[in-house]
Amino acid sequence: MPKKKSLDKMQGKMRGGHYSESPAEILAKINQSLGFDRKLYAEDIKGSKAHAKMLARQKIISEKDCSAILSGLDKIKKEIESGGFNFRDELEDIHMNIENRLGEIIGAAAGKLRTARSRNDQVATDFKLWVRSALKKLDKNLAGLQKNILARAGEHAATIMPGFTHLQPAQPVTLGHHLLAYFEMFSRDRSRIKDALVRMNESPLGSAALAGTSFPIDRDFTAKELGFDRPMANSLDAVSDRDFALEYLALGSICAMHLSRMAEEIIIWSSPQFGFIKLSEKFTTGSSIMPQKRNPDAAELVRGKTGRIYGALVSLLTTMKALPLAYSKDMQEDKEPVFLADATLELCVLAMSGMIADFTADKKKMLESASLGFLTATDLADWLVKNLGLPFREAHHITGKIVALAEKKNCRLDEISLKEMQKIAPKISAEIFKVLSMENSVRSRNSYGGTSPEGVRKAIIQAKKT
Ligand code: ARG
């Protein structure tokens, strides 16, 4: 803790010349954001360097002051990264910490960095840069997950399993097809990332406190320097906009929902009652008293952590909902939910990637399960339509009777004799048995986007191209 006098001096610097008293202890406590916003240090330094360079180019500060600022900022970055930086809570946030340290290193020239910039445009810029990298990281992790999904889908293009609606056995599908459904969801997540990156790529820097500045700044230069496409068009909007963070949380929430659905299926499928897949010991835990257990903890946590990400979205939406223009201190509450969502999404996507690569499928069990529950009943009805020219409604009725018979006899559809079927529909021929097999059923569903092994293989080729 610095001495009282120098503390007052530092706080005076932040609070301005018209302040003579120190803040109440509780104000200092509620006001500080250093505890979490130190994560923005690299973006803050990057933004400050761009701003200093622009000020010098525009002859607002001297080249000499500019190079002192740049080398001071580099030194600070090294101090932070080597653990040698003395973070001070009483300086509120990372921005003031860096500015104060710059003053210690280069003296009065540090104060010139404040010219034509406020913490309002500074923090909006830093945070946007951070969210932009977070989106790129999420995209990369999702690409990795998709790669694993494609590999497993290729392996299981012809693996038959029951497909469900209402979690009731519906029609046979292939495991490859089922996995590719998730590939599509993650593709949409990635396309939302792409869209959001385009929209958010405008620079708030140079909007100053809220109204712009009377200094002859060059906002195009700083925008370019920081990898933005252009400066934001309205300074009031620029300092009070957090749409970029909200979009990240919104698309992250949708992505978390996809991950959670996939996790749920892993949990169901790996329970012994289903027995479709097994996770190795790498992705399951045992129980201290029940030796038979293989708990799918990672999948459960991917499902469980979804709430945090939705929570982050609702939290920031609520923070923003009634704020008048422009900046309000409420907006300091924008960062923690985003940081939490980022860390959570990273864990969940990587855990899911790992589980997808890890599971083994029990093909026999899946096929057995598909053979129960009369999954080829639709094929039977379709056959009646195609071969006997019956209206579907009538075919559906006849099939219902055959299913009822199978139920009564406690046997599969293909175990009912032709004679018995003909008692229900006299024109049925032995050809019917072809469509009652699982293999034929999935093979026949070769419409675009359908479950046939051939369709799955084509979809994989297409997916690899895009
Ligand atoms: N720590 C603040 C934040 O994260 C920085 C902006 C402060 N601006 C202000 N006008 N007090 O939002």
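Here the structure is a predicted model, which means the values were calculated and not measured. First listed ligand is number 1; within each ligand, the first listed atom is number 1.
- Taking a cutoff of 4.0 Å between a charged side-chain nitrogen and a carboxylate oxygen, Lys194 and Asp139 do not qualify as a salt bridge.
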Hey, what polar pairs (N/O, under 3.5 Å) does ligand 1 make with protein?
{"from": "ligand 1", "atom 1": "1 (N)", "to": "Ser33", "atom 2": "OG", "distance (Å)": "3.2"}
{"from": "ligand 1", "atom 1": "1 (N)", "to": "Asp93", "atom 2": "OD2", "distance (Å)": "2.7"}
{"from": "ligand 1", "atom 1": "1 (N)", "to": "Gln332", "atom 2": "OE1", "distance (Å)": "2.7"}
{"from": "ligand 1", "atom 1": "4 (O)", "to": "Lys335", "atom 2": "NZ", "distance (Å)": "2.7"}
{"from": "ligand 1", "atom 1": "8 (N)", "to": "Asn120", "atom 2": "OD1", "distance (Å)": "3.0"}
{"from": "ligand 1", "atom 1": "10 (N)", "to": "Asn120", "atom 2": "OD1", "distance (Å)": "3.0"}
{"from": "ligand 1", "atom 1": "12 (O)", "to": "Tyr327", "atom 2": "OH", "distance (Å)": "2.4"}

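- In this structure, Lys53 forms no cation-pi arrangement with Phe221, as its terminal cationic atom is not both closer than 6.0 Å to the ring centre and no more than 45° off the ring axis.
- With rounding to the nearest 0.5 angstrom, the CD atom of Glu63 is 9.0 Å from the CG atom of Leu70.
- Because its NZ or CZ atom is not both nearer than 6.0 Å to the ring centre of Phe228 and within 45° of the ring axis, Arg219 does not count as a cation-pi partner of that residue.
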Only distances under 3.5 Å count here; give the side-chain donor-acceptor pairs of residues 458-466 to other protein atoms, sequence neighbours excluded, each with its distance to 0.1 Å.
{"from": "Lys458", "atom 1": "NZ", "to": "Glu454", "atom 2": "OE2", "distance (Å)": "3.4"}
{"from": "Thr466", "atom 1": "OG1", "to": "Gln462", "atom 2": "O", "distance (Å)": "3.3"}
{"from": "Thr466", "atom 1": "OG1", "to": "Ala463", "atom 2": "O", "distance (Å)": "3.2"}

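- Comment: Glu104 engages Arg101 in a salt bridge, judged by a side-chain N to carboxylate O separation of less than 4.0 angstrom.
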